[in-house]
Amino acid sequence: MDLAYRDITYCKNVGAKRADILHSELDVRTAMDMLRQYPYKYIDRSRFYRIAELDDEDTYVQIIGEVTEWHTVGIGKAQRLSATFFDGTHQCELVWFQGVKYVKLQRGIKYLLFGKPSRFQHVYNFVHPELTPMSKVTPEMTQGLEPYYNTTEKMKRVGMNSKAMRAIIADLLPDLKAGVPDTIGADVLQKYRLMSLTDALINVHFPKDTLSMQKARARLKFEELFYVQMQILRQMKRREQNPGFAMPIVGNRFHALYKSLPFELTGAQKRVIHEIHDDLKSGHQMNRLLQGDVGSGKTLVALLCCLLAVDNGYQTCIMAPTEILANQHYETLKAFLAPLGDAVHVALLTGSTSLKNRVPIHNGLMNGTIHILIGTHALLEDTVQWQNLGFVVIDEQHRFGVAQRARLWTKNQTPPHVLVMTATPIPRTLAMTVYGDLQVSVIDELPPGRKPVQTIHYDIRRRAQVYSFMRKQIDEGRQIYVVYPLIKESEKMDLQDLENGFNELCEAFPNYKISMVHGKMKASDKDFQMQRFVNGETQILVATTVIEVGVNVPNATVMMIQNAERFGLSQLHQLRGRVGRGADQSYCLLLTNMELTSDTRKRMDIMVATNDGFRIAEADLQLRGPGDLQGTLQSGTPFELHIANLATDGQLVSLARQAALDILDQDPLLEDEMNRIYKNQLDLLRIKQAYDWGDIS
Ligand code: ADP
Ligand code: MG
């Protein structure tokens, strides 16, 4: 029977109980689901080591030798067994803490030792190794690469460890060898030189050698990425068919603002405005991502584009993730628009807008007299109704969920054009997946005359030096941010850290005023403290990362980051972007512990070496493990990758996207008989994913 329809319950070594657990823990229901559980690592059992060859790396090895001596220490539960293992030239230690009485050792015979060595004072030791007399070693035991499978605690409790998984899968091998239907067309397989699904599944579980294992994995990664791209691109194609408001006019308001600017737009800003305008006049709905480093002038681009829409008779809104940011955008925009007088009406709507003040805003939105509405999530409330919302800007997208964005779309029969702005540069391959359904514009140029922020790394022994530097800056009239890390597990402890830090700073800077803000404060208190700093009433702002997003205080020239080792690269970069906004030279001071891991040292070195957000984003992707990455992904899209890794499989992402695009360009709706396998597979995936994100994003 087709493996895709064979119930896992009736496979050998499974049964009802294990099937239940396989289902609840790994979502395995069929034999094919089981075959889709890929090993997370392989151990080369064809290779034999000498003790002299061992190094500190964390891998399993096998060694042939004899047990020359052993003894037990302690009694009862605390008993442990130590043995000396000798390979003819060197020796190592073997240790058992559990099941000591089951370990039967014999002198004068050869053993195959298998385990993971660790080093303690020049001696390698193996804790709970597998020790098999050579007379009992079968050829299969030392053949090829041995696959290892992830299992959960619950699975282990019923004896379903990696070995048991391997046994279940091994039993499916004969049927697998008879061939399974492929999920990718023969032409694509040939073009990209990929294994068939049958060969890939055989070789991912029981590879002949390293090369066939790698080829098998490459095929499965490609397949995974290909279907991610198929889903993204199909959605994009479908949306490209959506009608959108046509906004062909470049009108008076746009020109008036453009002429009134005290500076010239950068080349990148001009290019991006052209890209957006091309979309606006196309008659199709725009979904565009605007990437640009902090300070690259995205807000102004957004405003100019809003005016394009307004000049064509549409209303617009700009949505920010916090009230502080919404307020700041409002002030910034009003200042830019001052020369235009009454021609553009801007309003602000946030959670703290009073009921009384809401009425005129609601009216203004309904009768079309408000042109630009700036606000927070409050914009999404059902009471907010528009006359003709045509263009939506979402700032700092990473704070918004996909579902929240979706509510804006439903405010109109025809969906508004959408511009998503993010100051967190995203590496290309990640962007292709997380924002793969959006067109991308990049502002890759800062306004001229900016002095790059100078970044310096100190360890805590030089705290006094850091303080005296800060004092000098304040005496010159500047302001300073001091940021403490936030560790989610213990907010209590964070708060204590922050309060201790605050007290320490008060002592070190007795003649200055200090504001403090953190996530546990009431919003109104936070705004009050923040506002004092913005107004220049306080010289130092002590904060947890709540200030990360977007505040603009050009007079602040120092960003001092405490325990910088606890921050990720992109977070450090975001924080650094808070300074360097005025005419004065700015500094980012990274204060860390003395002892740093090599990863942390790399992070600090990169921060010191470059201000380029894209370089930092690339480095971040390389340094962070796939686990972390999954988190990033998950907040962006509902895709979960099982075998591909966006950090290391960048080239496959591009190839898979191209392959998917080639097919969809020819046949956007996959109606062709030739493309039936893709359509079927996508339908299957949709059922699996249980919800159709396609209509949301
Ligand atoms: P972003 O939102 O991309 O971080 P902003 O839009 O806040 O950046 O811009 C940062 C500052 O640079 C603002 O004060 C803005 O007025 C100014 N600015 C924007 N574009 C230019 C330009 N072309 N030349 C000079 N200054 C600019
Ligand atoms: Mg901004």
Side-chain angles (χ1 to χ4, degrees), residues 254 257-276 288-307 316-322 324-340 346 372 374 376 392-400 419-426 440-453 479 481 534 536 547-557 559 570-586 588 611-614 616-617:
F254 179 90
L257 174 62
Y258 197 95
K259 283 197 200 110
S260 75
L261 291 175
F263 45 72
E264 180 75 9
L265 291 185
T266 62
Q269 283 173 314
K270 286 183 193 165
R271 174 172 40 78
V272 165
I273 291 171
H274 275 294
E275 287 168 2
I276 294 169
R288 193 170 274 279
L289 173 71
L290 176 56
Q291 288 200 61
D293 223 333
V294 271
S296 60
K298 293 183 295 294
T299 312
L300 182 57
V301 167
L303 173 58
L304 282 161
C305 293
C306 283
L307 293 191
T316 66
C317 72
I318 300 180
M319 194 158 64
T322 65
I324 294 171
L325 258 176
N327 282 324
Q328 228 168 44
H329 275 327
Y330 180 65
E331 297 301 331
T332 308
L333 261 55
K334 276 211 316 206
F336 272 127
L337 291 169
L340 277 65
V346 187
I372 304 178
I374 296 166
T376 52
V392 172
V393 179
I394 303 176
D395 193 11
E396 311 288 4
Q397 194 270 337
H398 57 288
R399 294 282 167 111
F400 277 106
L419 183 68
V420 172
M421 300 202 295
T422 167
T424 314
I426 304 155
V440 178
S441 289
V442 180
I443 307 186
D444 48 8
E445 186 184 350
L446 290 180
R450 291 276 169 82
K451 291 197 186 96
V453 178
Q479 288 167 284
Y481 296 103
V534 173
I547 63 159
E548 189 186 333
V549 177
V551 280
N552 191 20
V553 182
N555 189 46
T557 55
M559 167 61 66
S570 63
Q571 230 179 348
L572 289 172
H573 182 64
Q574 281 286 310
L575 287 168
R576 176 166 62 184
R578 299 303 112 213
V579 295
R581 301 185 152 230
D584 304 289
Q585 175 63 51
S586 289
C588 174
N611 281 303
D612 179 340
F614 280 93
I616 287 171

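Both ligands and their constituent atoms are indexed starting at 1 by order of listing. Side chains are part of it too, since the values below use all heavy atoms of this structure and drop only hydrogens, waters and symmetry mates.
- Residue contact check: D293 has heavy atoms under 4.0 Å from atoms 3 (O) of ligand 1.
- For ligand 1, the atoms sitting less than 4.0 Å from at least one non-hydrogen atom of T266 are 23 (N), numbered in the order shown with element in parentheses.
- Close contacts between ligand 1 and E264 involve ligand atoms 22 (C), 23 (N), 24 (N) [criterion: under 4.0 Å to a heavy atom].
- Polar contact with ligand 1: present for G297 (N/O pair, distance under 3.5 Å).
- Taking a 4.0 Å cut-off on heavy atoms, V301 fails to register as neighbouring ligand 1.
- A salt bridge links R271 with D444: the distance from a Lys NZ or Arg NE/NH1/NH2 to an Asp or Glu carboxylate oxygen falls below 4.0 Å.
- Within the 3.5 Å criterion, the main-chain N or O of V453 finds a donor-acceptor partner in the side chain of N611.
- A search for side-chain hydrogen bond (donor to acceptor under 3.5 Å, both in side chains) contacts involving N327 returns nothing, not counting sequence neighbours.
- The CD atom of Q291 lies 12.5 Å from the CE atom of M421; values are rounded to the nearest 0.5 Å.
- Listed for the K451 side chain is no donor-acceptor partner under 3.5 Å among the backbone atoms of G582.
- Of the inter-residue distances, the one linking I276 atom CD1 with R288 atom CZ reads 6.5 Å to the nearest 0.5 angstrom.
- In this structure, S296 counts as a contact residue of ligand 1, since one of its heavy atoms falls inside 4.0 Å of the ligand.
- Applying the salt bridge (charged side-chain N to carboxylate O under 4.0 Å, His left out) criterion to K334, with sequence neighbours excluded, gives no partner residue.
- Side-chain N or O atoms of E445 include one that pairs as donor or acceptor with a backbone N or O of A268 at under 3.5 Å.
- Assignment of M421 to the shell around ligand 1 is not supported, since no heavy atom sits closer than 4.0 Å.
- With rounding to the nearest 0.5 Å, the separation of CG in L300 from OG1 in T332 is 10.5 Å.
- In the vicinity of T299, heavy-atom distances shorter than 4.0 Å reach the ligand 1 atoms 2 (O), 5 (P), 6 (O), 7 (O).
- Close approach to L265 involves these atoms of ligand 1, each under 4.0 Å from a residue heavy atom: 23 (N).
- Neither the backbone nor the side chain of T332 comes within 4.0 Å of ligand 1, counting heavy atoms alone.
- For ligand 1, the atoms closer than 4.0 angstrom to any heavy atom of F336 are 16 (O).
- Of the polar atoms of P448, none of the N or O atoms is found under 3.5 Å from an N or O of ligand 1, judged by distance alone.
- For ligand 1, the atoms lying closer than 4.0 Å to a non-hydrogen atom of P447 are 21 (C), 22 (C), 24 (N), 25 (C), 26 (N), 27 (C).
- Close contacts of ligand 1 with Q269, meaning ligand atoms under 4.0 Å from a residue heavy atom, involve 19 (C), 20 (N), 22 (C), 23 (N).
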